[in-house]
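Worksheet for the structure shown next.
Index from 1, following the sequence. Bear in mind that the values here come from a model prediction, so they are computed numbers and not experimental data.
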Amino acid sequence: MSLLPEAAVGEAFAEGSRFRDELYACLTLRGDELFELADAVLCAPGAVHSAVELTLLPERRRGHGAMYDGLNQGRIDTDRLPLPRFPDGCLVLAVGVSPWLRSDAPCSPDRLFCHVCGRAKTASQFIPGWPCSFVAVLEMGATSWTQVLDAVRLGPADDATAVTAAQLRGVVERLVVAGQWVPGEPGIVIVTDAGYDVTRLAWVLRDLPVELVGRVRGDRVMRLPKPPRVYGPKGGRPPKHGPEFRFAKPETWPEPAVTTRTATANYGKAVTQAWDRVHLRLTHRAAWLDHEGELPLIEGTLIRLEVEHLSKDRAAPAVWLWSSKTDADGADVDRAWQAFLRRFDLEHTFRLFKQTLGWTRPRLREPEAADRWTWLIIAAYTQLRLARPVIPDLRHPWEKPAAPHRLTPARVRRTFRNLRQHMPCPARAPKPHRPGPGRPLGAPNRHRAPRYDVGKTVRREKTLIALQRLKG
(Lines give C-alpha, C1' and ligand atoms only; values in the text may rest on other atoms or scores of the structure.)
Protein backbone atom coordinates (compact mmCIF):
# COMPACT_ATOMS: atom_id res chain seq x y z
CA MET A 1 0.00 0.00 0.00
CA SER A 2 1.40 3.36 -1.00
CA LEU A 3 1.16 6.26 1.40
CA LEU A 4 2.61 9.11 -0.63
CA PRO A 5 1.74 12.36 1.11
CA GLU A 6 -0.95 14.56 -0.33
CA ALA A 7 -0.99 18.35 -0.31
CA ALA A 8 -3.13 18.49 2.86
CA VAL A 9 -0.64 16.43 4.87
CA GLY A 10 2.54 17.56 3.16
CA GLU A 11 3.53 19.80 6.05
CA ALA A 12 3.11 17.00 8.58
CA PHE A 13 5.14 14.66 6.37
CA ALA A 14 7.91 17.25 6.06
CA GLU A 15 7.97 17.80 9.83
CA GLY A 16 8.28 14.08 10.46
CA SER A 17 11.09 13.77 7.92
CA ARG A 18 12.88 16.74 9.46
CA PHE A 19 12.57 15.17 12.91
CA ARG A 20 14.26 11.98 11.69
CA ASP A 21 17.20 13.93 10.29
CA GLU A 22 17.60 15.93 13.49
CA LEU A 23 17.28 12.79 15.60
CA TYR A 24 20.10 11.14 13.70
CA ALA A 25 22.30 14.21 14.28
CA CYS A 26 21.76 13.80 18.05
CA LEU A 27 23.09 10.23 18.01
CA THR A 28 26.76 11.15 18.30
CA LEU A 29 28.13 7.64 18.89
CA ARG A 30 26.82 4.37 17.43
CA GLY A 31 24.21 6.52 15.71
CA ASP A 32 23.47 4.11 12.84
CA GLU A 33 22.69 1.28 15.22
CA LEU A 34 20.55 3.36 17.58
CA PHE A 35 18.58 4.93 14.72
CA GLU A 36 17.76 1.56 13.15
CA LEU A 37 16.84 0.19 16.57
CA ALA A 38 14.25 2.95 17.00
CA ASP A 39 12.87 2.15 13.54
CA ALA A 40 12.62 -1.52 14.46
CA VAL A 41 10.53 -0.61 17.52
CA LEU A 42 8.12 1.27 15.24
CA CYS A 43 7.97 -1.36 12.50
CA ALA A 44 7.61 -4.51 14.63
CA PRO A 45 4.44 -6.40 13.61
CA GLY A 46 3.16 -6.58 17.20
CA ALA A 47 4.15 -5.72 20.71
CA VAL A 48 7.87 -5.76 21.47
CA HIS A 49 8.54 -8.72 23.78
CA SER A 50 12.34 -8.82 23.52
CA ALA A 51 14.95 -6.36 22.33
CA VAL A 52 17.02 -9.04 20.61
CA GLU A 53 14.02 -10.05 18.47
CA LEU A 54 14.18 -6.61 16.86
CA THR A 55 17.43 -7.64 15.15
CA LEU A 56 15.45 -10.06 12.96
CA LEU A 57 13.40 -7.32 11.30
CA PRO A 58 14.38 -6.09 7.82
CA GLU A 59 14.50 -2.48 9.08
CA ARG A 60 17.34 -3.54 11.37
CA ARG A 61 20.31 -4.43 9.16
CA ARG A 62 22.87 -5.22 11.86
CA GLY A 63 23.45 -8.22 14.10
CA HIS A 64 22.40 -8.70 17.68
CA GLY A 65 25.89 -7.89 18.93
CA ALA A 66 25.67 -4.41 17.43
CA MET A 67 22.44 -3.83 19.34
CA TYR A 68 24.07 -4.45 22.71
CA ASP A 69 27.09 -2.43 21.64
CA GLY A 70 24.87 0.50 20.70
CA LEU A 71 22.95 0.47 23.98
CA ASN A 72 26.06 -0.01 26.13
CA GLN A 73 28.51 2.26 24.29
CA GLY A 74 26.28 4.64 22.31
CA ARG A 75 25.72 8.29 23.06
CA ILE A 76 22.59 10.46 22.70
CA ASP A 77 22.85 14.23 23.00
CA THR A 78 19.45 14.80 24.61
CA ASP A 79 19.93 18.57 24.77
CA ARG A 80 19.92 18.74 20.96
CA LEU A 81 16.77 16.70 20.44
CA PRO A 82 14.24 18.69 18.37
CA LEU A 83 11.24 20.18 20.13
CA PRO A 84 7.96 19.53 18.27
CA ARG A 85 5.48 22.32 17.68
CA PHE A 86 2.28 22.42 19.69
CA PRO A 87 -1.08 24.05 18.89
CA ASP A 88 -1.60 27.63 19.98
CA GLY A 89 -3.20 28.03 23.37
CA CYS A 90 -2.43 27.35 27.00
CA LEU A 91 0.29 24.71 27.38
CA VAL A 92 -0.34 22.04 30.02
CA LEU A 93 2.59 20.00 31.35
CA ALA A 94 2.27 16.87 33.46
CA VAL A 95 4.92 15.17 35.57
CA GLY A 96 4.84 11.54 36.62
CA VAL A 97 7.09 8.69 37.72
CA SER A 98 6.94 5.22 36.21
CA PRO A 99 9.22 2.38 37.42
CA TRP A 100 11.31 -0.01 35.38
CA LEU A 101 11.14 -3.01 37.72
CA ARG A 102 14.37 -5.04 38.03
CA SER A 103 13.80 -7.37 40.97
CA ASP A 104 15.94 -10.09 39.34
CA ALA A 105 19.03 -7.92 38.69
CA PRO A 106 21.23 -7.87 41.83
CA CYS A 107 24.25 -6.94 39.68
CA SER A 108 22.60 -3.74 38.39
CA PRO A 109 23.49 -0.58 40.36
CA ASP A 110 21.31 2.41 41.33
CA ARG A 111 18.17 0.41 42.01
CA LEU A 112 15.54 1.81 44.36
CA PHE A 113 12.45 0.39 46.01
CA CYS A 114 9.56 1.32 43.71
CA HIS A 115 6.01 1.48 45.02
CA VAL A 116 3.74 -0.77 42.96
CA CYS A 117 -0.03 -0.72 43.44
CA GLY A 118 -1.96 -3.96 43.41
CA ARG A 119 -5.56 -4.68 42.54
CA ALA A 120 -6.63 -4.80 46.19
CA LYS A 121 -6.17 -2.04 48.73
CA THR A 122 -3.66 -4.10 50.73
CA ALA A 123 -1.79 -5.50 47.70
CA SER A 124 0.69 -2.63 47.32
CA GLN A 125 4.34 -3.58 47.60
CA PHE A 126 7.86 -2.25 47.05
CA ILE A 127 9.87 -3.89 44.26
CA PRO A 128 13.48 -3.01 43.27
CA GLY A 129 13.78 -1.10 40.03
CA TRP A 130 14.74 2.11 38.28
CA PRO A 131 12.13 4.88 38.77
CA CYS A 132 12.01 7.33 35.88
CA SER A 133 10.51 10.82 36.05
CA PHE A 134 8.77 12.05 32.88
CA VAL A 135 7.59 15.51 31.79
CA ALA A 136 5.00 15.57 29.01
CA VAL A 137 2.74 18.03 27.21
CA LEU A 138 -0.94 17.15 27.42
CA GLU A 139 -3.63 17.62 24.79
CA MET A 140 -7.06 18.95 25.65
CA GLY A 141 -10.06 16.81 24.82
CA ALA A 142 -10.72 13.07 24.87
CA THR A 143 -7.40 11.64 23.69
CA SER A 144 -4.63 9.35 24.89
CA TRP A 145 -1.86 11.25 23.10
CA THR A 146 0.85 13.12 24.97
CA GLN A 147 4.29 14.43 24.02
CA VAL A 148 7.10 13.39 26.36
CA LEU A 149 9.75 16.11 26.51
CA ASP A 150 12.11 14.92 29.22
CA ALA A 151 12.96 11.80 31.20
CA VAL A 152 15.33 11.46 34.15
CA ARG A 153 16.12 8.31 36.09
CA LEU A 154 16.02 8.89 39.85
CA GLY A 155 19.19 7.73 41.58
CA PRO A 156 19.86 6.62 45.16
CA ALA A 157 21.23 10.07 46.12
CA ASP A 158 18.59 12.20 44.37
CA ASP A 159 15.90 14.29 45.96
CA ALA A 160 12.72 13.72 43.94
CA THR A 161 11.45 17.29 44.40
CA ALA A 162 14.79 18.83 43.38
CA VAL A 163 15.04 16.59 40.31
CA THR A 164 11.47 17.41 39.26
CA ALA A 165 12.09 21.15 39.71
CA ALA A 166 15.22 20.96 37.57
CA GLN A 167 13.33 19.02 34.89
CA LEU A 168 10.48 21.50 34.77
CA ARG A 169 12.85 24.48 34.67
CA GLY A 170 14.75 22.99 31.74
CA VAL A 171 11.57 22.14 29.81
CA VAL A 172 9.95 25.55 30.37
CA GLU A 173 13.12 27.38 29.33
CA ARG A 174 13.30 25.30 26.14
CA LEU A 175 9.66 26.12 25.35
CA VAL A 176 10.29 29.82 25.87
CA VAL A 177 13.43 29.81 23.70
CA ALA A 178 11.57 27.91 20.96
CA GLY A 179 8.81 30.52 20.93
CA GLN A 180 6.14 28.16 22.27
CA TRP A 181 5.34 30.75 24.95
CA VAL A 182 5.64 34.50 24.58
CA PRO A 183 4.99 37.26 27.15
CA GLY A 184 1.33 38.19 27.33
CA GLU A 185 0.01 34.65 26.92
CA PRO A 186 -1.48 32.65 29.81
CA GLY A 187 1.07 30.93 31.99
CA ILE A 188 2.11 27.34 31.37
CA VAL A 189 0.03 25.04 33.60
CA ILE A 190 1.89 22.22 35.37
CA VAL A 191 -0.25 19.48 36.94
CA THR A 192 1.01 17.02 39.55
CA ASP A 193 -0.45 14.22 41.60
CA ALA A 194 -0.56 13.94 45.38
CA GLY A 195 2.95 12.49 45.63
CA TYR A 196 4.59 15.84 44.80
CA ASP A 197 5.20 18.78 47.12
CA VAL A 198 3.31 21.27 44.96
CA THR A 199 3.93 24.24 47.29
CA ARG A 200 7.67 23.57 47.27
CA LEU A 201 7.67 23.36 43.46
CA ALA A 202 5.72 26.62 43.26
CA TRP A 203 8.34 28.36 45.40
CA VAL A 204 11.32 26.98 43.47
CA LEU A 205 9.76 27.86 40.08
CA ARG A 206 8.32 31.22 41.11
CA ASP A 207 10.51 33.09 38.58
CA LEU A 208 9.03 31.19 35.61
CA PRO A 209 5.72 31.90 33.81
CA VAL A 210 4.04 28.78 35.20
CA GLU A 211 1.01 27.89 37.29
CA LEU A 212 1.30 24.81 39.51
CA VAL A 213 -1.84 22.72 40.01
CA GLY A 214 -1.49 19.70 42.26
CA ARG A 215 -3.72 17.30 44.11
CA VAL A 216 -3.44 17.28 47.91
CA ARG A 217 -4.61 14.62 50.30
CA GLY A 218 -7.99 14.85 51.95
CA ASP A 219 -6.57 14.86 55.50
CA ARG A 220 -4.37 17.95 55.13
CA VAL A 221 -4.57 21.10 57.23
CA MET A 222 -3.87 24.50 55.68
CA ARG A 223 -4.18 28.08 56.86
CA LEU A 224 -6.45 30.87 55.73
CA PRO A 225 -5.04 34.35 55.10
CA LYS A 226 -4.34 36.37 58.21
CA PRO A 227 -7.19 38.61 59.35
CA PRO A 228 -6.86 42.38 59.17
CA ARG A 229 -4.91 43.85 62.04
CA VAL A 230 -7.02 45.16 64.90
CA TYR A 231 -5.70 47.26 67.72
CA GLY A 232 -5.43 45.38 70.99
CA PRO A 233 -4.76 47.04 74.33
CA LYS A 234 -2.51 44.17 75.39
CA GLY A 235 -0.25 44.61 72.36
CA GLY A 236 1.68 41.66 70.97
CA ARG A 237 2.90 40.65 67.55
CA PRO A 238 0.23 40.42 64.84
CA PRO A 239 -0.55 36.90 63.58
CA LYS A 240 1.18 35.65 60.45
CA HIS A 241 -1.37 32.97 59.63
CA GLY A 242 -5.13 32.88 59.72
CA PRO A 243 -7.42 30.19 61.16
CA GLU A 244 -6.95 26.54 60.32
CA PHE A 245 -8.62 25.04 57.26
CA ARG A 246 -9.12 21.33 57.95
CA PHE A 247 -10.13 19.42 54.86
CA ALA A 248 -11.93 16.74 56.88
CA LYS A 249 -13.96 19.24 58.99
CA PRO A 250 -16.46 21.32 57.00
CA GLU A 251 -17.14 23.51 60.02
CA THR A 252 -13.68 25.09 59.53
CA TRP A 253 -14.45 26.09 55.94
CA PRO A 254 -15.38 29.73 55.37
CA GLU A 255 -17.64 30.86 52.58
CA PRO A 256 -15.94 30.01 49.23
CA ALA A 257 -14.75 32.93 47.12
CA VAL A 258 -15.70 31.17 43.85
CA THR A 259 -18.30 28.48 43.12
CA THR A 260 -18.77 26.96 39.67
CA ARG A 261 -21.04 24.28 38.23
CA THR A 262 -20.18 22.51 34.99
CA ALA A 263 -21.97 19.70 33.15
CA THR A 264 -19.63 16.87 32.10
CA ALA A 265 -20.21 13.96 29.73
CA ASN A 266 -18.82 11.21 31.95
CA TYR A 267 -19.18 12.40 35.54
CA GLY A 268 -22.47 14.29 35.62
CA LYS A 269 -22.45 17.75 37.16
CA ALA A 270 -19.10 18.97 38.50
CA VAL A 271 -19.26 21.45 41.38
CA THR A 272 -16.16 23.32 42.50
CA GLN A 273 -15.55 25.53 45.51
CA ALA A 274 -12.46 27.72 45.70
CA TRP A 275 -10.84 29.66 48.53
CA ASP A 276 -8.23 32.31 47.83
CA ARG A 277 -4.80 32.75 49.45
CA VAL A 278 -4.81 29.45 51.35
CA HIS A 279 -1.32 28.33 52.35
CA LEU A 280 0.64 25.86 54.43
CA ARG A 281 2.27 26.76 57.71
CA LEU A 282 5.86 25.82 56.95
CA THR A 283 8.40 24.71 59.55
CA HIS A 284 12.12 24.01 59.44
CA ARG A 285 11.65 20.33 58.65
CA ALA A 286 12.18 17.98 55.69
CA ALA A 287 12.58 19.98 52.46
CA TRP A 288 12.70 23.33 54.32
CA LEU A 289 15.40 22.23 56.73
CA ASP A 290 18.23 24.04 54.92
CA HIS A 291 16.22 27.19 54.14
CA GLU A 292 18.02 30.26 55.41
CA GLY A 293 16.11 33.18 56.85
CA GLU A 294 12.38 33.47 57.44
CA LEU A 295 10.21 30.80 55.88
CA PRO A 296 8.15 32.06 52.93
CA LEU A 297 4.39 32.43 52.81
CA ILE A 298 3.29 30.54 49.68
CA GLU A 299 -0.31 31.46 48.99
CA GLY A 300 -2.56 29.97 46.35
CA THR A 301 -6.11 28.93 45.51
CA LEU A 302 -7.57 25.86 47.20
CA ILE A 303 -10.12 24.02 45.03
CA ARG A 304 -12.58 21.33 46.08
CA LEU A 305 -13.94 19.34 43.13
CA GLU A 306 -16.96 17.11 43.50
CA VAL A 307 -18.75 15.20 40.73
CA GLU A 308 -21.99 13.23 40.80
CA HIS A 309 -20.56 9.83 39.89
CA LEU A 310 -17.64 8.01 38.32
CA SER A 311 -17.81 5.39 35.58
CA LYS A 312 -20.27 2.54 36.20
CA ASP A 313 -22.10 4.80 38.70
CA ARG A 314 -19.43 4.44 41.36
CA ALA A 315 -19.31 6.85 44.28
CA ALA A 316 -17.03 9.82 43.69
CA PRO A 317 -15.10 11.21 46.67
CA ALA A 318 -14.19 14.88 46.61
CA VAL A 319 -10.82 15.86 45.12
CA TRP A 320 -8.74 18.67 46.65
CA LEU A 321 -6.49 20.73 44.40
CA TRP A 322 -4.10 23.58 45.16
CA SER A 323 -3.15 26.14 42.52
CA SER A 324 -0.32 28.62 42.81
CA LYS A 325 -2.48 31.28 41.12
CA THR A 326 -4.10 33.81 43.46
CA ASP A 327 -7.15 36.00 42.87
CA ALA A 328 -8.56 33.33 40.55
CA ASP A 329 -11.98 33.76 39.00
CA GLY A 330 -14.42 31.10 37.83
CA ALA A 331 -12.70 30.61 34.47
CA ASP A 332 -9.32 30.10 36.17
CA VAL A 333 -10.79 27.54 38.57
CA ASP A 334 -12.45 25.56 35.76
CA ARG A 335 -9.27 25.62 33.70
CA ALA A 336 -7.27 24.31 36.67
CA TRP A 337 -9.42 21.25 37.46
CA GLN A 338 -10.00 20.41 33.80
CA ALA A 339 -6.23 20.49 33.19
CA PHE A 340 -5.71 18.23 36.20
CA LEU A 341 -8.15 15.62 34.87
CA ARG A 342 -6.13 15.46 31.65
CA ARG A 343 -3.07 14.43 33.68
CA PHE A 344 -4.24 10.80 33.65
CA ASP A 345 -3.52 10.67 29.89
CA LEU A 346 0.10 10.23 30.95
CA GLU A 347 -0.83 6.83 32.39
CA HIS A 348 -1.95 5.72 28.91
CA THR A 349 1.48 6.72 27.60
CA PHE A 350 3.21 4.66 30.29
CA ARG A 351 1.05 1.68 29.39
CA LEU A 352 1.91 2.04 25.69
CA PHE A 353 5.62 2.31 26.49
CA LYS A 354 5.61 -0.89 28.54
CA GLN A 355 3.07 -3.13 26.83
CA THR A 356 3.50 -2.17 23.15
CA LEU A 357 6.87 -0.48 22.61
CA GLY A 358 8.69 -2.73 25.08
CA TRP A 359 10.27 -0.06 27.27
CA THR A 360 10.90 -2.42 30.22
CA ARG A 361 11.57 -5.57 28.17
CA PRO A 362 15.40 -5.45 27.73
CA ARG A 363 17.42 -7.01 30.54
CA LEU A 364 20.15 -4.40 30.65
CA ARG A 365 22.71 -4.38 33.45
CA GLU A 366 23.96 -0.81 33.37
CA PRO A 367 21.52 2.03 34.15
CA GLU A 368 23.19 4.24 31.51
CA ALA A 369 22.16 1.71 28.84
CA ALA A 370 18.62 1.83 30.22
CA ASP A 371 18.66 5.62 29.85
CA ARG A 372 19.61 5.33 26.17
CA TRP A 373 16.85 2.82 25.57
CA THR A 374 14.35 5.13 27.31
CA TRP A 375 15.24 8.02 25.00
CA LEU A 376 14.93 5.76 21.96
CA ILE A 377 11.40 4.85 23.06
CA ILE A 378 10.58 8.55 23.50
CA ALA A 379 11.95 9.32 20.02
CA ALA A 380 9.92 6.48 18.51
CA TYR A 381 6.75 7.67 20.21
CA THR A 382 7.37 11.23 18.97
CA GLN A 383 7.55 9.93 15.40
CA LEU A 384 4.17 8.27 15.89
CA ARG A 385 2.69 11.56 17.04
CA LEU A 386 4.12 13.45 14.06
CA ALA A 387 2.87 10.78 11.65
CA ARG A 388 -0.69 10.88 12.99
CA PRO A 389 -2.04 13.30 10.31
CA VAL A 390 -0.46 11.24 7.52
CA ILE A 391 -1.40 7.70 8.56
CA PRO A 392 -4.75 6.28 7.34
CA ASP A 393 -6.80 3.97 9.53
CA LEU A 394 -5.59 0.38 9.17
CA ARG A 395 -8.06 -1.40 11.41
CA HIS A 396 -8.94 -4.99 12.11
CA PRO A 397 -12.29 -6.31 10.87
CA TRP A 398 -13.76 -6.24 14.38
CA GLU A 399 -12.72 -2.66 15.10
CA LYS A 400 -14.85 0.41 14.48
CA PRO A 401 -13.68 3.03 11.98
CA ALA A 402 -11.98 6.08 13.47
CA ALA A 403 -11.41 9.58 12.15
CA PRO A 404 -7.78 10.61 11.49
CA HIS A 405 -7.70 12.82 14.59
CA ARG A 406 -9.08 9.96 16.72
CA LEU A 407 -6.48 7.31 15.90
CA THR A 408 -4.70 5.81 18.89
CA PRO A 409 -0.89 5.44 19.00
CA ALA A 410 -1.16 1.67 18.55
CA ARG A 411 -3.25 2.03 15.36
CA VAL A 412 -0.85 4.61 13.95
CA ARG A 413 2.04 2.22 14.58
CA ARG A 414 0.42 -0.49 12.43
CA THR A 415 0.95 1.56 9.27
CA PHE A 416 4.24 3.24 10.11
CA ARG A 417 6.24 0.58 8.25
CA ASN A 418 4.50 1.59 4.99
CA LEU A 419 5.13 5.28 5.66
CA ARG A 420 8.79 4.69 6.49
CA GLN A 421 9.50 3.65 2.89
CA HIS A 422 8.91 7.25 1.78
CA MET A 423 10.72 8.98 4.65
CA PRO A 424 14.49 9.66 4.82
CA CYS A 425 16.71 7.07 6.47
CA PRO A 426 20.05 8.74 7.25
CA ALA A 427 21.55 5.60 8.82
CA ARG A 428 24.40 4.20 6.75
CA ALA A 429 24.57 0.65 5.50
CA PRO A 430 26.53 -1.73 7.74
CA LYS A 431 30.07 -2.66 6.80
CA PRO A 432 30.86 -6.35 6.44
CA HIS A 433 33.11 -7.69 9.16
CA ARG A 434 33.88 -10.94 10.93
CA PRO A 435 32.96 -11.43 14.59
CA GLY A 436 35.71 -11.62 17.19
CA PRO A 437 36.97 -14.91 18.63
CA GLY A 438 35.31 -14.40 22.00
CA ARG A 439 36.29 -16.33 25.11
CA PRO A 440 38.23 -19.54 24.42
CA LEU A 441 36.20 -22.70 24.56
CA GLY A 442 36.19 -24.17 28.05
CA ALA A 443 37.65 -21.05 29.74
CA PRO A 444 35.25 -19.82 32.47
CA ASN A 445 34.63 -16.18 33.22
CA ARG A 446 36.81 -15.36 36.22
CA HIS A 447 35.50 -11.80 36.67
CA ARG A 448 32.40 -12.02 38.80
CA ALA A 449 29.97 -9.15 38.50
CA PRO A 450 29.64 -7.08 41.69
CA ARG A 451 26.36 -7.03 43.56
CA TYR A 452 24.72 -3.84 44.74
CA ASP A 453 22.35 -3.07 47.57
CA VAL A 454 18.93 -1.60 46.89
CA GLY A 455 17.76 1.70 48.31
CA LYS A 456 18.89 5.21 49.15
CA THR A 457 22.54 5.86 49.86
CA VAL A 458 22.14 9.34 51.34
CA ARG A 459 20.34 9.84 54.63
CA ARG A 460 18.74 13.27 55.03
CA GLU A 461 17.84 14.60 58.42
CA LYS A 462 14.22 15.68 58.81
CA THR A 463 14.41 17.88 61.91
CA LEU A 464 16.47 20.94 62.78
CA ILE A 465 17.67 19.38 66.04
CA ALA A 466 18.97 16.28 64.25
CA LEU A 467 20.77 18.46 61.69
CA GLN A 468 22.42 20.54 64.41
CA ARG A 469 23.46 17.36 66.24
CA LEU A 470 24.97 16.01 63.01
CA LYS A 471 26.95 19.24 62.39
CA GLY A 472 28.07 19.48 66.00
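Interatomic distance, Asp334 CG to Leu305 CG, rounded to the nearest 0.5 Å: 9.5 Å. Expressed to the nearest 0.5 Å, how far CD of Glu59 lies from CG of Leu54 amounts to 10.0 Å. Note that CD1 of Ile377 is 4.5 Å distant from CH2 of Trp373, once rounded to the nearest 0.5 Å. Here the CG-OG1 distance, from Asp371 to Thr78, works out to 9.5 Å after rounding to the nearest 0.5 Å. If you take CZ on Phe35 and SG on Cys26, they are separated by 11.0 Å, rounding to the nearest 0.5 Å. Distance CD1/Ile76 to CG/Leu29: 10.5 Å, rounded to 0.5 Å.
More than 12 heavy atoms of other residues, nucleotides or ligands sit less than 6.0 Å from atom CZ of Arg363. Crowding of Asp453 atom CG: a count of heavy atoms from other residues, nucleotides or ligands under 6.0 Å not exceeding 12. At most 12 non-hydrogen atoms from other residues, nucleotides or ligands lie less than 6.0 angstrom from OH of Tyr267. Within a 6.0 Å radius of CZ in Arg206, more than 12 heavy atoms belonging to other residues, nucleotides or ligands are found. Crowding of Glu292 atom CD: a count of heavy atoms from other residues, nucleotides or ligands under 6.0 Å not exceeding 12.
Contact of the Val171 side chain with the Val137 side chain is not registered, since no non-hydrogen atoms from C-beta on lie closer than 4.5 Å. Inter-residue side-chain proximity for Thr356 and Val48 is flagged as unmet; no heavy-atom pair is nearer than 4.5 Å. Side chains of Ser324 and Val210 form no contact here, defined as non-hydrogen atoms less than 4.5 Å apart. Two residues are said to be in side-chain contact when any heavy atoms from C-beta on lie closer than 4.5 Å; Arg215 and Val319 meet this criterion. Side-chain atoms of Leu224 and Glu244, non-hydrogen and from C-beta on, never get closer than 4.5 Å to each other. Between Lys354 and Trp100, the closest side-chain pair of non-hydrogen atoms is not below 4.5 Å. With contacts defined as side-chain heavy-atom distances shorter than 4.5 Å, the pair Leu175/Glu173 does not qualify.
Ring orientation note: the planes of His284 and His291 are tilted relative to one another, at an angle of 30° to 60°.
Figure legend: cation-pi geometry between Arg111 and Trp130 absent, as NZ or CZ is not positioned both under 6.0 Å from the six-membered ring centre and within 45° of its axis. By the 6.0 Å and 45° rule, Arg372 does not stack over the aromatic ring of Trp375. Relative to the six-membered ring of Trp288, Arg200 meets both conditions, a distance below 6.0 Å and an angle of at most 45° to the axis.
Of the residues listed (Arg61, Arg20, Arg60), the one engaging Glu36 in a salt bridge (Lys or Arg N to Asp or Glu O under 4.0 Å) is Arg61, and it is the only one. Checking each of Glu33, Arg30, Arg62 against Asp69 for a side-chain contact (heavy atoms from CB on, under 4.5 Å) leaves exactly one that passes, namely Arg30.
The backbone N or O of Arg246 lies less than 3.5 Å from a partner atom in the side chain of Thr252, making a donor-acceptor pair. The main-chain N or O of His64 is never found under 3.5 Å from a side-chain atom of Thr55 such that the two would form a donor-acceptor pair. A donor-acceptor pair under 3.5 Å is formed between the side chain of Gln180 and the backbone N or O of Pro84. Panel note: side chain Arg223, backbone Gly242; a donor-acceptor pair is recorded below 3.5 Å. Side-chain atoms of Trp181 come within 3.5 Å of backbone atoms of Pro186 as a donor-acceptor pair (strictly under, hydrogens ignored). For the pair Arg80 (side chain) and Ala25 (backbone), a donor-acceptor distance under 3.5 Å is present. The backbone N or O of Asp158 lies less than 3.5 Å from a partner atom in the side chain of Lys456, making a donor-acceptor pair. Between the Arg413 side chain and the Val41 main chain, a donor and an acceptor come within less than 3.5 Å of each other. Put simply, the side chain of Trp322 gets close to the backbone of Val278: a donor and an acceptor are under 3.5 Å apart. In this structure a side-chain-to-backbone donor-acceptor pair under 3.5 Å is present from Thr301 to Lys325.
With 3.5 Å as the limit, one finds no donor-acceptor pair spanning the side chains of Thr146 and Glu139. Side-chain contact, Asp32 with Tyr24: a donor N or O sits under 3.5 Å from an acceptor N or O. Inspection of the Ser108 and Glu366 side chains reveals no N or O donor paired with an N or O acceptor under 3.5 Å.
Between Trp359 and Phe134, the ring center distance clears the sub-6.0 Å criterion.
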